[in-house]
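When a ligand or atom number is given, it counts from 1 through the structure's own listing order.
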Amino acid sequence: MEKLLNKILLGDCMELLKQLPDNSIDAVITDPPYCSGGRNAGARVKLPSDKYGLSSNKTVHRPDFAGDTMDQRAWLRWCVLWINECHRVLKDSGYFLMFSDWRQLPTATDAVQMGELIWRGIIAWDKGGGSRAPHKGYFKHQCEYIVWGTKGACKKAIHAGPYPGCFKYPVKQSDKFHLTGKPTPLMEELVQIVPENSVILDPFVGSGTTCAAAKKHNRNFIGFEKTKTYYDIALARIKD
Ligand SMILES: C[S@@+](CC[C@H](N)C(=O)[O-])C[C@H]1O[C@@H](n2cnc3c(N)ncnc32)[C@H](O)[C@@H]1O
C-alpha cells in the first residue's frame with residue numbers, strides 16, 4: 001500500500017483495484033465515464049470528442065478517452081463491479097463520491113446501492129448560466145451531480161463540515177485539461193471532506209484534477225487511468 005501512495009498508475013481500474021488491501025482508503029472521489037451525451041442510443045455510442053467536444057471550446061482539440069460507449073445496462077453492470085471493489089477497499093465509514101450527469105443519475109444512484117454502499121444524497125455542481133440548452137424553450141443543462149454515500153455509518157467529522165450541498169464553479173478553459181475535466185477549485189473543496197494525511201482514491205483520474213487537489217491540500221492520493229495520453233497529462237500536473 002505505501003508504495004502506491006501519491007502515485008498514478010496506467011491501466012484498467014478493475015485490475016489495479018486488486019492491488020489495494022481491504023479497508024485502506026478514506027475516500028473515493030471520482031468521475032467515471034458517463035456513457036451519456038446525445039439524444040438517442042446512436043448518438044451516445046459516438047466518440048467522446050463528438051459528444052462532449054461541442055460543449056467546450058471548439059477551437060481546442062482534446063484527446064478521446066476510454067470506456068464511454070456502453071449502453072445503459074452494460075454501464076450499470078460495470079459501475080456495480082468497480083463500486084463493489086471500492087466498497088471493499090474503503091475503511092468503515094469511508095466516503096464515496098461519484099460524478100454523474102442528469103441522464104445517468106438514476107442509474108448511478110442504483111449502482112451505488114447495488115455496490116453495497118449506503119447512498120446518502122446528491123450534491124449539485126452548478127456550472128453557471130453559460131451552460132448549453134439545445135434550443136429556446138429548453139431548461140439549460142446547467143448542473144452535474146455528485147452521488148455520495150458511505151461504507152456503513154456516516155461518522156461525525158471533527159476536522160470540518162457540514163459541507164455545502166451545492167457548489168457553483170464555472171468551467172474555465174484555462175483550467176480544463178480533459179474533454180470532461182472538472183474545475184480544480186471544485187475538487188479542492190471535495191478532497192477536504194477528509195482530514196489531512198487521509199488517503200483518497202480516484203479510479204478514473206483523467207487529467208488528474210482530484211490528485212492535484214489532494215496534493216495541494218496535503219491529502220494522499222492513489223489514481224488509476226486507462227488512456228495513456230491522459231495518464232501523461234495527469235502525471236505532468238501532479239509533478240507541477
Ligand atoms: C470523465 S474522465 C475523468 C476526468 C477527470 N475528472 C478530470 O478532471 O480530468 C474519466 C476517465 O476515466 C478513464 N477510464 C475509462 N475507463 C477506465 C478504466 N476501466 N480504468 C481506468 N480509467 C478508465 C478515461 O480514460 C477517462 O480519462
Is it the side chain (CB and beyond), the backbone, both or neither of His178 that lies under 4.0 Å from ligand 1, heavy atoms counted?
side chain
With distance as the sole test, does Trp125 use its side chain to make a donor-acceptor pair with the main-chain N or O of Tyr169 at under 3.5 Å?
yes
Which atoms of ligand 1 sit under 4.0 Å from any heavy atom of Gly181?
7 (C), 8 (O), 9 (O)
Beyond-backbone contact of Ile25 with Met1, side-chain heavy atoms, under 4.5 angstrom:
yes
Please write down residue, atom name and distance for the protein heavy atom closest to atom 8 (O) of ligand 1.
Thr209 OG1, 2.6 Å
Can you figure out which of Lys182, Glu225, Met70 has its heavy atom closest to atom 24 (C) of ligand 1?
Glu225
Taking the side chain as every heavy atom from C-beta outward, state whether Ile8 and Tyr231 have any atom pair closer than 4.5 Å.
yes
Would you mind checking which non-hydrogen protein atom is closest to atom 19 (N) of ligand 1, with the distance to 0.1 Å?
Asp12 OD1, 3.1 Å
Can you check whether Trp78 has an N/O within less than 3.5 Å of an N/O in ligand 1?
no
Geometry only, no angles: is Thr227 polar-contacting ligand 1 at N/O separations under 3.5 Å?
yes
Counting from 1 in the order shown, the ligand 1 atoms closer than 4.0 Å to a non-hydrogen atom of Pro203 are 21 (C), 22 (N)
Close side-chain approach of Lys140 and Lys127, heavy atoms under 4.5 Å
no
Under a 4.0 angstrom heavy-atom cut-off, which atoms of ligand 1 come close to Pro32?
1 (C)
The one among Val205, Leu16, Asp31 that brings a heavy atom closest to atom 10 (C) of ligand 1:
Asp31
Which residue and heavy atom of the protein sit nearest atom 22 (N) of ligand 1, plus the separation:
Lys226 N, 3.2 Å
Which protein heavy atom lies closest to atom 9 (O) of ligand 1, and at what distance to 0.1 Å?
Ser207 OG, 2.5 Å
With atoms numbered from 1 as shown, which atoms in ligand 1 lie under 4.0 angstrom from a non-hydrogen atom of Gly11?
20 (N), 21 (C)
Of all the heavy-atom pairs spanning Gln173 and Arg62, show the shortest one and how long it is.
OE1-NH2, 2.9 Å
Could you label the plane-to-plane angle of the His159 and Tyr163 rings as parallel, tilted or perpendicular, counting under 30° as parallel and over 60° as perpendicular?
tilted
Considering only heavy atoms, does Ala234 approach ligand 1 within less than 4.0 Å through its side chain, its backbone, both, or neither?
neither
heavy-atom search around atom 20 (N) of ligand 1 in the protein gives Cys13 N, 2.8 Å
Do any N/O atoms on Tyr230 end up under 3.5 angstrom from N/O atoms on ligand 1?
no
Hey, are the side chains of Leu17 and Phe224 touching, using non-hydrogen atoms and a 4.5 Å cut-off?
yes
Measuring only between side-chain heavy atoms, which start at C-beta, is Phe167 closer than 4.5 Å to Asp126?
no
Residue and atom name of the nearest protein heavy atom (relative to atom 15 (C) of ligand 1), distance in Å to one decimal:
Ala66 O, 3.1 Å
Aromatic ring centroids of Trp75 and Tyr34 under 6.0 Å?
no
Identify the closest protein heavy atom to atom 12 (O) of ligand 1: which residue and atom is it, and at what distance?
Phe204 CB, 3.5 Å
Do Leu20 and Glu85 make a side-chain contact, defined as non-hydrogen atoms from C-beta onward lying under 4.5 Å apart?
no
Closest to atom 1 (C) of ligand 1 among protein heavy atoms sits Thr180 OG1, 3.0 Å
If we only count heavy atoms from C-beta on, is the Asn23 to Leu90 side-chain gap below 4.5 Å?
no
Can you name the nearest heavy-atom pair linking Val205 to Cys211, along with the distance?
CG2-SG, 3.8 Å
